[in-house]
Number of protein chains: 2
Amino acid sequence: MAAKKQTPPGKELINFARLQDYIGYRARQAQSAIFRDFTTITDSVGLSPGEFSLLTLIGANPGINQVTLVSLHNLDKSTLSLAIRDLKRRNLIESRRQTEDGRYFALYLTKLGSQRQRQATALVEGQERRMDKMLKPGEREILLDLLKRISKAFD
Amino acid sequence: MAAKKQTPPGKELINFARLQDYIGYRARQAQSAIFRDFTTITDSVGLSPGEFSLLTLIGANPGINQVTLVSLHNLDKSTLSLAIRDLKRRNLIESRRQTEDGRYFALYLTKLGSQRQRQATALVEGQERRMDKMLKPGEREILLDLLKRISKAFD
DNA sequence: TATTGTTATACTCTATAACTATA
DNA sequence: TATAGTTATAGAGTATAACAATA
């Protein structure tokens with residue numbers, strides 16, 4: 001009978017309270033949009049977002065150990081341990097017990113891991129270029145600087 | 001024996017590859033810092049972050065239904081249904097079946113829910129003011145605008 | 001038939017605690 | 001005793017699918 005839907009109202013009819021004026025809210029929206037796309041990218045090369053991040057850090061820091069990765073990732077060591085085990089099983093990384101201090105295991109990318117990491121990196125750079133299209137010259141640097149300062153507000 | 005720790009190296013010794021130059025990476029760092037603090041805030045009034053968000057939207061849109069909330073939240077309706085049930089149990093919201101179309105339940109804050117929402121909002125505004133301290137005049141508006149445009153890159 | 005909302009179930013990611021191995 | 005790393009277990013948050021109620 002009615003020509004147009006009565007409910008649910010479109011987003012434009014919704015009262016967002018002050019939400020849209022909050023940095024917290026906008027940062028969540030943006031990060032969530034980026035992350036959804038990022039997940040599609042890492043999925044396409046058979047990695048989770050966290051795994052891509054781990055492969056990148058291990059690739060750039062050969063011989064890094066788990067304690068150091070934990071401090072970079074805000075993860076518990078038990079959580080990281082599971083992720084590491086999984087990456088080993090899939091032959092993406094390998095670990096060798098250090099001779100100087102046998103408590104540490106030095107982590108390295110395998111050839112396969114290195115290849116996957118490079119594949120994913122190329123796709124992620126593409127994502128960055130898509131974001132650049134929304135920005136004017138110089139605005140990328142401004143955004144990075146502002147985000148860095150926001151992070152520092154919670155140190 | 002050694003005077004200084006050998007491992008793990010401090011963050012300053014870590015090679016971050018290109019990570020620090022990515023908007024995706026910086027946005028994740030910033031959002032994650034904000035969110036950790038946000039969780040502490042909502043915890044302190046007995047809410048989860050998602051519950052605070054739901055209470056805010058219901059408070060600003062009395063009579064809103066679950067389909068509409070789902071479209072705003074990027075959640076499955078089954079997930080939202082559980083959250084709504086929980087908020088009802090704790091007497092923070094109430095729902096009334098609509099007379100015009102009995103498939104819908106109109107949602108409202110209870111007095112208690114409204115009070116909690118206001119408490120949390122005051123604390124969240126405090127968080128925004130702490131972020132402002134890292135920014136110069138005008139930079140908040142710039143940041144909000146840039147974040148909005150980044151979100152639009154993935155529409 | 002289509003839509004709103006619920007429930008059973010399972011999956012993913014995470015942390016806590018107890019553990020082993022090395023120092 | 002202290003630190004690196006593993007494992008068992010549990011909790012939070014999520015989605016899928018089957019369902020009931022209403023239109």
Side-chain angles (χ1 to χ4, degrees), chain A residues 1-2 4-9 28 32 35-36 38-40 42-43 46-54 58 63-89 93-107, chain B residues 1-9 28 32 35-36 38-40 42-43 46-54 58 63-90 93-107:
Chain A
M1 181 182 288
K4 59 175 182 182
K5 257 202 226 173
Q6 297 188 321
T7 45
R28 190 156 155 75
S32 146
F35 196 69
R36 262 195 304 281
F38 186 68
T39 302
T40 310
T42 59
D43 265 9
L47 297 172
S48 73
E51 287 168 347
F52 168 69
S53 177
L54 287 175
I58 294 169
I64 196 171
N65 58 50
Q66 294 187 32
V67 179
T68 308
L69 284 175
V70 156
S71 75
L72 298 173
H73 253 255
N74 262 319
L75 282 180
D76 190 84
K77 59 182 181 164
S78 66
T79 306
L80 181 64
S81 181
L82 296 174
I84 294 291
R85 183 179 64 183
D86 230 62
L87 291 172
K88 276 190 211 163
R89 275 186 187 152
I93 65 173
E94 57 189 22
S95 71
R96 295 199 288 275
R97 197 185 278 275
Q98 286 190 0
T99 46
E100 323 89 71
D101 187 334
R103 291 173 300 182
Y104 293 88
F105 288 87
L107 300 169
Chain B
M1 182 176 283
K4 61 176 179 181
K5 258 201 227 174
Q6 296 188 324
T7 44
R28 189 156 155 74
S32 146
F35 195 70
R36 260 195 305 282
F38 186 68
T39 302
T40 310
T42 59
D43 264 9
L47 298 172
S48 72
E51 286 168 348
F52 168 68
S53 177
L54 287 175
I58 294 168
I64 196 172
N65 59 52
Q66 295 187 33
V67 179
T68 308
L69 283 175
V70 156
S71 75
L72 298 173
H73 255 255
N74 263 319
L75 282 181
D76 190 82
K77 60 182 182 165
S78 66
T79 306
L80 180 65
S81 181
L82 297 175
I84 293 292
R85 183 179 62 182
D86 232 62
L87 290 172
K88 275 190 213 163
R89 276 185 186 153
R90 285 147 64 199
I93 65 173
E94 57 189 21
S95 72
R96 294 200 289 275
R97 196 184 278 277
Q98 286 190 359
T99 46
E100 322 88 73
D101 186 334
R103 291 173 301 181
Y104 293 88
F105 288 86
L107 299 169

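Lettering of chains follows the sequences in order, A, B, ..., and the numbering in each one begins at 1.
A close approach under 4.0 Å does occur between a side-chain nitrogen or oxygen of A/Thr79 and OP1 or OP2 of C/dA15. When the side-chain nitrogen and oxygen atoms of B/Gln66 are compared with OP1 and OP2 of C/dT6, one or more of them lie within a distance under 4.0 Å. Residue B/Arg103 places none of its side-chain N or O atoms closer than 4.0 Å to OP1 or OP2 of D/dA20. For D/dT6, the OP1/OP2 oxygens have no side-chain nitrogen or oxygen of A/Arg85 closer than 4.0 Å.
Counting to the nearest Å, the P atom of D/dA2 and the NZ atom of A/Lys77 are 14 Å from each other. The CG-C1' distance, from A/Leu47 to C/dT12, rounds to 16 Å in whole Å. When the P atom of C/dT7 is taken as reference, atom CD1 of B/Ile84 falls 13 Å away, rounded to whole Å. Between the CZ atom of A/Phe105 and the C1' atom of C/dA23 there is a distance of 14 Å, given to the nearest Å. If you take CZ of B/Phe35 and P of C/dT14, they are 13 Å apart, rounded to a whole angstrom. In this structure, CG of A/Asp76 is placed 12 Å from P of D/dT6, rounded to the nearest angstrom. In this structure, CD1 of A/Ile93 is placed 12 Å from P of D/dG5, rounded to the nearest angstrom. Rounded to an integer number of Å, the gap from B/Leu87 CG to D/dG13 C1' is 14 Å.
Put simply, the side chain of B/Leu107 reaches to within 4.5 Å of the side chain of B/Ile84, judged on heavy atoms. At least one side-chain heavy atom of A/Leu54 sits under 4.5 Å from a side-chain heavy atom of A/Leu80. In this structure the side chain of A/Leu87 reaches within 4.5 angstrom of the side chain of A/Glu51, judged on heavy atoms.
Each of B/Lys88 and A/Asn74 lies near DNA chain C, and the nucleotide nearest B/Lys88 is the one positioned closer to the 5' end. If A/Ala106 and B/Leu82 are placed on DNA chain D by their nearest nucleotide, the residue sitting closer to the 5' end is A/Ala106.
Within the nucleic acid shown, B/Leu75 comes within 4.0 Å of sugar-phosphate atoms alone, with no base atom in reach, counting heavy atoms only.
Donor-acceptor pairing under 3.5 Å, judged by distance alone, is absent between the side chain of B/Ser78 and the base of D/dT14. Scanning atom types as modelled, no donor and acceptor separated by under 3.5 angstrom connect the side chain of B/Ser81 and the base of C/dT7.
The side chain of A/Tyr104 sits closest to D/dG5 out of C/dG5, D/dT14, D/dG5. The side chain of A/Arg97 has C/dA21 as its nearest neighbour among D/dG5, D/dA15, C/dA21.
The backbone N or O of A/Phe35 lies less than 3.5 Å from a partner atom in the side chain of A/Thr39, making a donor-acceptor pair.
A donor-acceptor pair shorter than 3.5 Å cannot be found between the side chains of B/Thr40 and B/Arg36.
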